[in-house]
Structures are given as C-alpha cells and as structure tokens.
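See structure below.
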Amino acid sequence: MAVFNVKNVCETTRTKLSEAIGKMETFLNGHALQQLNTDNDEAMEEFYKGFLTDTRHLLVFCEVAYEKLGVALRRPNFNVDYSEKVLYEVYHNCVNSFFYPKNECYSEDGRYAYTGQDAIRFRKKPVRVVRDLTIELSKLFEALREDLSYYETDYITQKRMQGEKV
C-alpha cells in the first residue's frame, strides 16, 4: 500500500476507534451489573457479566490501538511498516473481539448482513441500552472491518512472501 493510503487509513481508523471508545466508556461508566439486571434473574446476571467483561476487554484493545495509531501519525517520518502492523492489530484485536466476543452474548448472523437489518443476534434479550450500544458499535466495527479487510489475510501473506515474521 502507498504511504498516503496507509496514513489515511490510520487517520480514519483512529477516528472510528475514538468514537467506539467514547461509546463504551460512557456505557461502562454509567451502568453497573445491578442496573442492567433489575429482575435479579440468575441467567441474565451471567449474560450481563459476560457482556460487561467483553466490553471492558474490547475497550482496552481499542484504547491501546488508538494510542499506537497516534504514535504512528505523530512521527516526523511516517513509518509504513509500523503503521501497517498496528492496522493489522486493530483488525485482529479490536474488530475480531467485537464480532467474536469471548462470552458469546451476541453473534453476527451473516444472513442479515446485506439486508439493511441488524446482523447482531443476542443469546438472551438484553435491556435496551445494551442492545443500542451493541448495534451502534456494530456499525463502527463493520466499517472498520471493511476498511481493514486487507489486514485479515493479504497482509500476512505479503509479509510471509517477503520472508518476514509478523
């Protein structure tokens, strides 16, 4: 990829991560387990614990990537190799963590991905604020997934062909 293109992708990725970080921080700072599980339902308690844990992990991955992109963009001489490695990490740590959460509170149903409907399907029916956050984040991470699709497999293939370890 050309330097100009990599730099643009870094800038747009950083902007999207910033938006996702803001949404997650606002949610996590304003909602505790007891507020989400108002019915004291044991099964929902486990669901929300998993959701909150996954959201906290995703937030950390996004914050780290955001900082690394900031470093890449502030360098006096833009380092394409470093920047591409960070974009690769964004794809594999942030995008994949969103679409494949460890606790599987939700999943993406590909049958809905191209219909204009929400492709996110929850394991249990969450309260509105959890649903809204997840749907808002899905739009951001879907855009990131499209922007960074090169880093899913092509980047690794190229590096291996050049004899580099990733």
Side-chain angles (χ1 to χ4, degrees), residues 7-75 82-152:
K7 191 169 189 175
N8 279 349
V9 173
C10 285
E11 288 168 350
T12 59
T13 298
R14 192 164 191 262
T15 300
K16 287 174 185 147
L17 286 176
S18 176
E19 192 176 340
I21 289 166
K23 289 177 185 303
M24 287 184 279
E25 282 181 339
T26 299
F27 174 82
L28 290 170
N29 288 336
H31 297 87
L33 186 58
Q34 296 75 19
Q35 291 172 297
L36 299 174
N37 188 22
T38 55
D39 297 334
N40 290 321
D41 178 319
E42 207 173 298
M44 289 308 291
E45 177 108 355
E46 287 306 309
F47 174 84
Y48 289 126
K49 279 182 182 178
F51 181 83
L52 290 169
T53 296
D54 288 343
T55 304
R56 285 190 293 270
H57 283 123
L58 179 60
L59 176 59
V60 170
F61 287 140
C62 290
E63 288 174 331
V64 168
Y66 177 84
E67 290 304 318
K68 286 183 176 183
L69 286 168
V71 167
L73 291 166
R74 285 190 302 272
R75 286 187 171 170
Y82 173 78
S83 300
E84 285 198 313
K85 187 172 183 179
V86 173
L87 291 171
Y88 171 82
E89 290 173 9
V90 171
Y91 188 91
H92 287 275
N93 294 338
C94 303
V95 174
N96 282 344
S97 289
F98 176 78
F99 286 108
Y100 306 103
K102 182 179 175 187
N103 290 291
E104 300 178 344
C105 294
Y106 61 85
S107 61
E108 181 182 36
D109 187 337
R111 295 176 291 187
Y112 293 94
Y114 304 103
T115 64
Q117 297 179 41
D118 295 327
I120 299 297
R121 296 292 173 249
F122 291 91
R123 187 165 36 98
K124 298 198 175 291
K125 185 176 168 79
V127 292
R128 169 66 93 207
V129 69
V130 168
R131 183 192 176 286
D132 289 350
L133 172 70
T134 307
I135 299 305
E136 288 174 24
L137 289 175
S138 74
K139 290 172 175 54
L140 284 169
F141 284 102
E142 178 62 38
L144 281 170
R145 181 166 59 185
E146 288 173 19
D147 294 349
L148 302 176
S149 62
Y150 168 77
Y151 298 97
E152 182 179 15

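Note that the coordinates shown come from a computational prediction; the quantities given were computed from them, not determined experimentally.
By the 4.0 Å N-to-carboxylate-O rule, Arg14 lies too far from Glu11 to be salt-bridged with it.
Atom CG of Leu148 sits about 9.5 Å away from atom NE2 of His92, to the nearest 0.5 Å. For the atom pair CZ of Phe51 and CD of Glu104, the computed distance is 14.5 Å after rounding to the nearest 0.5 Å. Rounding to the nearest 0.5 angstrom, the gap separating the CG atom in Leu59 from the OG atom in Ser97 is 11.5 Å. Interatomic distance, Leu33 CG to Lys49 NZ, rounded to the nearest 0.5 Å: 6.5 Å. Atom NZ of Lys16 and atom NZ of Lys139 lie 14.5 Å apart (nearest 0.5 Å). Taken from OG1 in Thr13 to CG in Leu140, the straight-line distance is 11.5 Å, to the nearest 0.5 Å.
Considering only heavy atoms from C-beta on, Val129 comes within 4.5 Å of Leu36 through its side chain. Contact of the Lys102 side chain with the Thr53 side chain is not registered, since no non-hydrogen atoms from C-beta on lie closer than 4.5 Å. When side chains are defined from C-beta on, Tyr91 counts as touching Arg145, because their heavy atoms get closer than 4.5 Å. A 4.5 Å side-chain heavy-atom check between Leu144 and Leu17 finds at least one atom pair inside the cut-off. Between Tyr151 and Val95, the closest side-chain pair of non-hydrogen atoms is not below 4.5 Å. Using a 4.5 Å heavy-atom cutoff, the side chains of Lys68 and Tyr82 are in contact. No side-chain heavy atom of Val64 sits under 4.5 Å from any side-chain heavy atom of Glu89. Counting heavy atoms from C-beta outward, Leu69 and Val90 have side chains that approach closer than 4.5 Å.
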Practice item. Take Cys62 and Met24 through the side chain to side chain contact (heavy atoms under 4.5 Å, CB included) test and state the conclusion after the steps. Key: CA-CA 10 Å; Cys62 290; Met24 287 184 279; 3.9 Å; yes

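With hydrogens and angles disregarded, a donor-acceptor distance shorter than 3.5 Å links the side chain of Asp54 to the backbone of Asn103. Between the side chain of Asn29 and the backbone N or O of Glu25, at least one donor-acceptor pair lies under 3.5 Å. Distance alone, capped at 3.5 Å, is enough to place a donor-acceptor pair between the His31 side chain and the Phe27 backbone. Although no hydrogens or angles enter the test, the distance criterion places a donor-acceptor pair under 3.5 Å between the side chain of Asn37 and the main chain of Asp41. A distance-only check finds no donor-acceptor pair linking the side chain of Arg123 to the backbone of Phe47 [under 3.5 Å]. With Gln35 contributing its side chain and Ala32 its backbone, the two residues share a donor-acceptor pair below 3.5 Å. Judged by distance alone, the side chain of Ser138 and the main-chain N or O of Ile135 form a donor-acceptor pair under 3.5 Å.
For OH of Tyr100, the number of neighbouring non-hydrogen atoms (other residues, nucleotides, ligands) closer than 6.0 Å is 12 at most.
Taking the six-membered ring where the residue is Trp, Phe141 and Phe99 present perpendicular rings, their angle passing 60° and hence far from 30°.
The heavy-atom pair separating Cys94 from Leu58 by the smallest distance is O-CD1, 3.4 Å. The two residues Tyr48 and Val127 come nearest to each other via the heavy atoms OH-N, 2.9 Å. For the residue pair Leu73 and Cys10, the shortest heavy atom distance occurs at CD2-CB, 3.9 Å. Contact detail for Pro126 and Met44: the closest heavy-atom pair is CA-CE, 4.3 Å. Scanning all heavy atoms of the two residues, the minimum distance from Thr134 to Phe98 falls at O-CZ, 3.6 Å. Tyr66 and Ile21 make their closest contact through CB-CD1, 3.8 Å (heavy atoms, listed as atom of the first residue, atom of the second, distance).
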